[in-house]
Amino acid sequence: QALWEGMQAAAQAYDVPIVGGHTNCHSDYTALSVAILGQAKHLITSFDAQPGDMLLMAIDLRGQPYKHYPFWNAATTADPQRLQADLALLPQIAAAGWCQAGKDISMGGVLGTALMLLETSGCGAVIDLDQIPQPANLDLLAWLQHFPSFGFLLAVQPSHVEQVCAVFAARGLFCGAIGRVDESMALKVRLGSEEVVLWDWAEQPLMGFG
């Protein structure tokens, strides 16, 4: 019942109708699967990041951690019209030709999301941790592990960075460069003067989708 009530609340907030589905009460684990149907004229995919692209982090910082979980909640107390208009920015920048590659920041946090995006695109990158915005009430390590309700990692050509950042800023959302895509097959992270390899796909695939 709690799951259903949460689904109904989200469907109303984002104006996405629930048209059907089913549950399986005979599984030995509890799970919820969702399929979303729609039509898009322009896509932001996980496969098209290119060397030389800037990695932009777009995120809604107007939120709070949800209880003791690594979830950044900027949705459940926000105005539904604002939520819908914020999400509409993604197809807007895709239609303008300003961004062809990106991924929503999910359970892997911003670094895990970057790993998935870069592996499927066959690229590497350097991410500067000093450039990642963070809430005042979370330290960097905790923040890097958070799943935000509105957060995206976008691979954008340098010539379009200013336009993309301005679109998000106009709605009170942070968008800024945190790294650059390169031709390596590794993700490096930098903090101050230190730089280390977080993952090297030449040595070990992450998901095997490259």
Check which hydrophobic residues are tied to L141 through side-chain heavy-atom contacts below 4.5 Å, counting indirect links as well, and list them. none
Assigning hydrophobic clusters by single linkage (Ile, Leu, Val, Met, Phe, Trp, Tyr; side-chain heavy-atom cutoff under 4.5 Å), is L206 placed with M185? yes
Could you go step by step and tell me if I178 and L153 meet the side-chain contact (heavy atoms from CB on, under 4.5 Å) rule? CA-CA 9 Å; I178 63 169; L153 191 63; 3.8 Å; yes
Hydrophobic cluster partners of L3 (side-chain heavy atoms under 4.5 Å): none
How close do A13 and P80 get, counting heavy atoms only, and between which atoms? O-CB, 3.3 Å
Across all chains, not counting sequence neighbours, the side chain to side chain contact (heavy atoms under 4.5 Å, CB included) partners of L138 are P65, W72, P135, A142, W143, H146
Which heavy-atom pair separates D182 from A125 by the least distance, and what is that distance? OD1-N, 3.4 Å
With a sphere of 6.0 Å drawn around CZ of F71, does it hold more than 12 non-hydrogen atoms of other residues, nucleotides or ligands? yes
Does any part of the side chain of P158, heavy atoms only, come nearer than 4.5 Å to the side chain of R180, both counted from C-beta? yes
Find out if a path of hydrophobic residues (ILVMFWY) with successive side-chain heavy-atom gaps under 4.5 Å connects L198 to V181. yes
Spacing of CG belonging to D60 relative to SG belonging to C175, to within rounding of 0.5 Å: 12.5 Å
When clusters are formed by joining ILVMFWY residues with side-chain heavy atoms under 4.5 Å apart, either directly or through shared neighbours, do V126 and L187 land in the same one? no
Using side chain to side chain contact (heavy atoms under 4.5 Å, CB included) as the criterion, list what pairs up with P133, not counting sequence neighbours. M57, I59, L61, F174
Who pairs with Q64 by side-chain hydrogen bond (donor to acceptor under 3.5 Å, both in side chains), at least two apart in sequence or on another chain? N137
Donor-acceptor side-chain pairing of E5 and Q1 below 3.5 angstrom: yes
Can you find a heavy atom in the side chain of L55 that is under 4.5 Å from one in the side chain of L117? yes
Same cluster or not: V196 versus L115, using hydrophobic residues (I, L, V, M, F, W, Y) connected whenever any side-chain heavy atoms lie under 4.5 Å apart? yes
To the closest 0.5 Å, what do you measure between CD (Q145) and CE (M107)? 10.5 Å
Set out, in order, the CA-CA distance, both residues' side-chain angles and the distance that settles side-chain contact (heavy atoms from CB on, under 4.5 Å) for E183 and Q50, then state yes or no. CA-CA 8 Å; E183 296 180 348; Q50 302 291 327; over 6 Å; no
Pairwise side-chain hydrogen bond (donor to acceptor under 3.5 Å, both in side chains) hits with a residue in residues 115-132, at least two apart: none
Show the nearest heavy-atom pair for residues A101 and A49, with the distance to one decimal. CB-N, 3.3 Å
Output all residues satisfying side-chain hydrogen bond (donor to acceptor under 3.5 Å, both in side chains) with Q81, sequence neighbours left out; order by chain, then residue number. none
The remaining residues in the hydrophobic cluster of Y14, counting side-chain heavy-atom contacts under 4.5 Å among Ile, Leu, Val, Met, Phe, Trp and Tyr, are V16, I44, M54, L56, L83, L87, L89, L90, I93, W98, F150, F152, L154, V156, V161, V164, V167, F168, L173
Minimum heavy-atom distance C99-A155, with the two atoms named: SG-O, 3.8 Å
So, for S106 and T113, which heavy atoms are closest and what is the spacing to 0.1 Å? N-OG1, 3.3 Å
Tell me every residue that passes side-chain hydrogen bond (donor to acceptor under 3.5 Å, both in side chains) with T76, counting only those two or more places apart in sequence or in another chain. N73
In Å, rounded to the nearest 0.5 Å, how long is the span from CG of L111 to CG of L144? 5.0 Å
Quick one: side-chain hydrogen bond (donor to acceptor under 3.5 Å, both in side chains) pairs with a partner in residues 195-208, sequence neighbours left out? R190-E195
Are I105 and L140 connected, step by step, through hydrophobic side chains (Ile, Leu, Val, Met, Phe, Trp, Tyr) whose heavy atoms are closer than 4.5 Å? yes
I need the full list of side-chain hydrogen bond (donor to acceptor under 3.5 Å, both in side chains) pairs touching residues 150-176, with sequence neighbours left out, sorted by first then second residue. D86-R171
Please report the closest heavy-atom contact between K103 and S46, naming both atoms and the distance. NZ-OG, 3.5 Å
Sequence neighbours excluded, the answer for side-chain hydrogen bond (donor to acceptor under 3.5 Å, both in side chains) partners of S149 is none
